[in-house]
Amino acid sequence: MSGFDQHDLFGNLHAAVEAQRPKTPQELVEGLTAPQREAVEHRGGPLLIVAGAGSGKTRVLTRRIAHLLATGDAQPHEILAITFTNKAANEMVERLVQLVGDRAKRMWVMTFHKAFFRILQAESERLGYRSRLTLYDDSDSRRLIQEIMRERDIDPKKVTPKGVAGKISLAKANLQTPEVFAEGGGFYQGPFHQMTADLYSEYERRLFAASAVDFDDLLMKPVMLFERFEEARLYYADRFRHVLVDEFQDTNRAQNELVFQLTRDHRQVCVVGDSDQSIYRFRAADIRNILDFESTFPDAEVVVLEQNFRSTQRILDAANAVISNNASRVVKNLFTQEGEGTPLTVYGAGDERDEAAWIASEIWRLQRDLEVPLNEIALFYRTNAQSRVLEEEFNRAGIPHRLIGATRFYDRREVRDLLSYVRLLLNPDDEVSARRIINVPKRGIGATSVTRLGQYAAQHQMTFAEALRHGADAGLTAKAAKAGLQVAELLDQLRHDLLLLRPSELLAEVFHRSGIEAELQAEQSVESASRLENLGELINSVAQMEADGALESIEEFLESAALTAASDDLDDDRPKVSLMTLHVAKGLEYKAVFVTGLEEGIFPHFSARDDEDQLEEERRLAYVGITRARQFLALTHAERRFKFGEQGSGYSASLPSRFLAEIPEDLTVRLGTAGMPRPSRWGSDDHYFERPDDDGARTFGRPSASPSFQARRKAPSTSGAENLGLSAGDVVIHERWGEGTVISTSGSGDMAAAKVKFGEVGEKNLLLSVAPLRRS
DNA sequence: CCTGATTTCGACCCC
DNA sequence: CGAAATCAGG
């Protein structure tokens with residue numbers, strides 16, 4: 001899955017050579033288990049694949065698609081394969097290219113949101129939109145809601161725009177129009193609900209006027225389109241004669257309905273999912289969609305994949321034990337042939353710094369003694385806020401790492417500003433973008449002027465951008481009115497370039513002509529330098545995409561910018577430890593995994609405290625985390641943690657998570673304050689005792705005294721070997737292994753490493769800053 | 001009326 | 001710690 005595997009590389013080469021000859025149906029089921037094969041070969045009706053973690057579902061899905069082609073049961077353009085993340089989609093495309101060659105490019109293999117944005121864009125006229133659609137992301141929607149609330153003098157403290165946005169989002173996911181929402185189905189009543197309903201209604205009106213759609217519209221609007229225009233539904237249902245959906249357990253009502261609308265006639269629908277991995281309830285995923293699939297399609301064939309090809313038995317046993325505490329689930333038990341494996345480590349830290357320090361020391365050990373590459377190590381946490389301490393400690397310890405899914409490049413302010421210009425050029429109705437760029441760079445059009453322009457636009461039924469030309473009439477000062485006129489002219493001129501320039505050139509032109517460039521250059525701060533750099537990077541990356549032939553138009557670029565999640569980014573293979581939330585981790589796998597912060601209140605999160613359903617979801621999240629690990633799994637918790645509390649912030653005691661107690665003791669080794677001081681048992685004890693540089697600076701195995709302070713003061717001390725300036729051929733002496741010859745070196749500073757050949761123990765990869773090494 | 005500086009407040013998970 | 005509300009000055 002993760003793509004680092006060697007056999008994948010060879011697979012690629014192999015595929016390139018073999019690409020000319022399509023695989024036969026027989027070849028496509030080679031090496032599959034009986035249930036996997038059944039899933040690949042099933043024909044003629046609905047298919048539900050219940051796929052446990054690590055049971056090879058991507059493999060089955062891609063083989064099934066290839067098989068459909070090979071037997072002539074489907075043409076490439078008839079395939080719609082839906083995933084939840086771009087990352088998963090890209091991976092699927094890659095594998096399909098290996099299996100069926102370039103024909104894969106004619107299939108629709110993408111996320112729900114992308115597929116239905118395309119359909120919505122193509123059919124927007126039917127729904128009455130007058131311009132090309134602009135996609136509003138969460139922050140755009142929030143701005144619009146905030147603006148509406150401001151106009152209505154609603155106190156943003158009593159009702160937050162975020163809260164309102166959340167309510168509207170849920171309503172849309174459940175296919176509730178403003179009218180239906182207002183009625184409330186008897187459950188929700190009262191003035192507060194009424195106000196939310198009014199806001200929802202106005203929000204919809206404004207979105208429509210701006211020719212804009214939000215994320216939830218990408219699902220809800222197509223449902224409405226298909227309901228109102230049967231011929232549109234039939235067109236797409238006929239075109240996509242084979243619909244396959246991954247991660248079906250995380251679909252919401254709208255997504256479920258879309259699948260049904262597209263497939264209810266031909267019934268060639270294949271959904272894959274694992275109810276134990278449903279973790280998106282908070283964004284309206286409804287686990288019943290998968291549980292009720294068989295009642296929706298009574299003739300559905302069900303295939304259950306229970307053999308896990310990823311983890312050791314101990315890891316699976318732990319996962320099974322935890323998830324078995326969920327009452328509402330279909331029982332299934334994963335098994336593996338990967339062997340027992342080593343025990344899991346449970347580490348009880350003093351506080352979060354100690355936790356981080358221990359993890360850092362373990363990572364060093366994993367890579368040094370067990371030669372686990374850094375990019376095969378991952379660290380998960382429940383909330384993004386937990387990442388900071390971990391990062392700080394990793395910086396101190398010199399552990400190369402990357403945060404996945406934290407901040408999106410496209411969310412940086414300067415990037416959004418620039419893209420807002422382009423959005424406005426493409427869609428003059430776009431209110432949010434117009435409001436955003438009107439005073440970027442500073443032109444002397446402040447809040448008061450913007451409000452007046454907004455009022456004027458509303459009164460005279462024109463767009464906000466159009467109102468810029470009527471600043472004087474709208475009551476702006478002469479200076480502001482003039483500036484407004486200039487913006488309008490600037491937009492006219494830039495709109496000219498739209499047809500003439502390539503996307504990257506257009507961005508560069510906007511960057512320059514808008515004055516954003518000049519303003520940033522004038523500022524001369526570290527901050528502005530970084531912004532300039534980011535925008536340069538943006539333009540360069542677009543130019544690169546053009547050069548690669550990967551970008552047709554600026555519209556396409558905006559679409560991908562809007563639909564790219566933070567977690568989709570850079571598949572760089574550099575050796576770094578990955579840090580991410582448990583949600584982002586779904587679908588990934590690593591040789592070694594750390595799940596951190598297993599404490600009551602954090603994981604399970606306190607918001608799930610009184611709700612059994614939410615608690616079960618937290619448990620599924622734990623299940624997801626555990627099952628990401630192939631060989632090594634450590635679970636950590638801290639006794640005290642710095643928290644942002646209701647009454648101020650400070651350290652407070654943290655109880656170990658109930659999920660820890662749910663793991664049978666005999667699967668684990670307990671370390672730190674929670675247990676006896678013993679060395680970690682990952683790998684052989686030999687490895688541990690052999691560690692020549694075990695100077696006691698690390699914290700594992702220490703009694704509870706105050707491990708955190710030790711961890712803090714004694715960041716890994718260096719052996720000094722990284723400063724020897726070693727190169728291949730040098731002869732060195734290792735304290736334990738004696739004389740050896742340097743074969744190669746890599747990295748620098750704290751991460752400088754060398755491959756050294758010793759007489760007795762053979763070749764070793766050494767991290768120089770810790771290896772007790774000297775020149776001979 | 002705009003802008004830059006200062007204060008305040010708030011924080012779960014995401015396509 | 002960072003974004004948004006608020007304040008003081010031009």
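Lettering of chains follows the sequences in order, A, B, ..., and the numbering in each one begins at 1.
Aromatic ring centres of H583(A) and Y280(A) lie closer together than 6.0 Å.
With centres under 5.5 Å and a plane angle under 30°, the ring of H605(A) is stacked against the base of dC12(B). By the 5.5 Å and 30° criteria, F215(A) is stacked with the base of dC15(B).
Counting any heavy atom pair closer than 4.0 Å across all strands shown, N384(A) reaches sugar-phosphate atoms only and no base atom. R142(A) comes within contact range of no nucleotide atom at all, as no heavy-atom separation falls under 4.0 Å. Looking at heavy-atom distances under 4.0 Å, Y280(A) makes contact with sugar-phosphate atoms alone, never a base. Across all strands shown, F84(A) has heavy atoms under 4.0 Å from sugar-phosphate atoms exclusively, and none from any base.
Counting to the nearest Å, the C1' atom of dC1(B) and the CG atom of L453(A) are 14 Å from each other. If you take CD of E352(A) and P of dC1(C), they are 14 Å apart, rounded to a whole angstrom. One can place CG of L582(A) at 16 Å from P of dC12(B), the figure rounded to the nearest angstrom. D137(A) places its CG atom 12 Å from the P atom of dC15(B), with the value rounded to the nearest Å. The interatomic distance linking D138(A) (CG) with dC13(B) (P) rounds to 13 Å, in whole Å. Rounded to an integer number of Å, the gap from E392(A) CD to dC1(C) C1' is 10 Å. Nucleotide dC15(B) holds its P atom 16 Å from the CD atom of E559(A), rounded to whole Å. Taking atom CG on D214(A) and atom P on dC14(B), their separation rounds to 19 Å, with Å as the unit.
Taking the nucleotide of DNA chain B with the nearest heavy atom to each of Q614(A) and T83(A), the more 5' of the two is matched to Q614(A).
Relative to the side chain of S607(A), the nucleotides dC12(B), dC15(B), dC14(B) differ in distance, and dC12(B) lies closest.
For E555(A), the salt bridge (charged side-chain N to carboxylate O under 4.0 Å, His left out) criterion is met by no residue, not counting sequence neighbours. Here R443(A) pairs with nothing under the salt bridge (charged side-chain N to carboxylate O under 4.0 Å, His left out) rule; sequence neighbours left out. Every residue meeting the ring pair (Phe, Tyr, Trp, His ring centres under 6.0 Å) condition with F394(A), not counting sequence neighbours, appears here in chain and number order: H401(A). For T160(A), the side chain to side chain contact (heavy atoms under 4.5 Å, CB included) partners at least two apart in sequence or on another chain are K162(A). Evaluation of the salt bridge (charged side-chain N to carboxylate O under 4.0 Å, His left out) rule for D246(A) yields K57(A) as partners, not counting sequence neighbours.
In this structure, a donor-acceptor pair under 3.5 Å is absent between the side chains of T111(A) and H113(A). When only modelled atom types and interatomic distance are considered, Q521(A) and E519(A) share no side-chain donor-acceptor pair under 3.5 Å.
Applying the side-chain hydrogen bond (donor to acceptor under 3.5 Å, both in side chains) test to pairs two or more places apart or on separate chains, none has a residue in residues 472-482 of chain A. Applying the salt bridge (charged side-chain N to carboxylate O under 4.0 Å, His left out) rule to pairs touching residues 213-223 of chain A yields K172(A)-D214(A), K172(A)-D217(A), E204(A)-K221(A), D217(A)-K221(A), sequence neighbours excluded.
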Review item, nucleotides 2-8 of chain B N/O atoms under 3.5 Å of protein N/O:
| unit_1 | atom_1 | unit_2 | atom_2 | d |
| --- | --- | --- | --- | --- |
| dC2(B) | OP1 | G446(A) | N | 2.9 |
| dC2(B) | OP1 | S449(A) | OG | 2.3 |
| dC2(B) | OP2 | T448(A) | N | 3.4 |
| dC2(B) | OP2 | T448(A) | OG1 | 3.1 |
| dC2(B) | O5' | G446(A) | N | 3.4 |
| dT3(B) | OP1 | G444(A) | N | 2.8 |
| dT3(B) | OP2 | N439(A) | ND2 | 3.0 |

Pairs under 3.5 Å (N/O, protein and nucleotides 4-9 of chain C):
| unit_1 | atom_1 | unit_2 | atom_2 | d |
| --- | --- | --- | --- | --- |
| dA5(C) | OP1 | Q146(A) | NE2 | 3.3 |

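OP1 or OP2 of dC1(B) sits under 4.0 Å from a side-chain N or O of R452(A).
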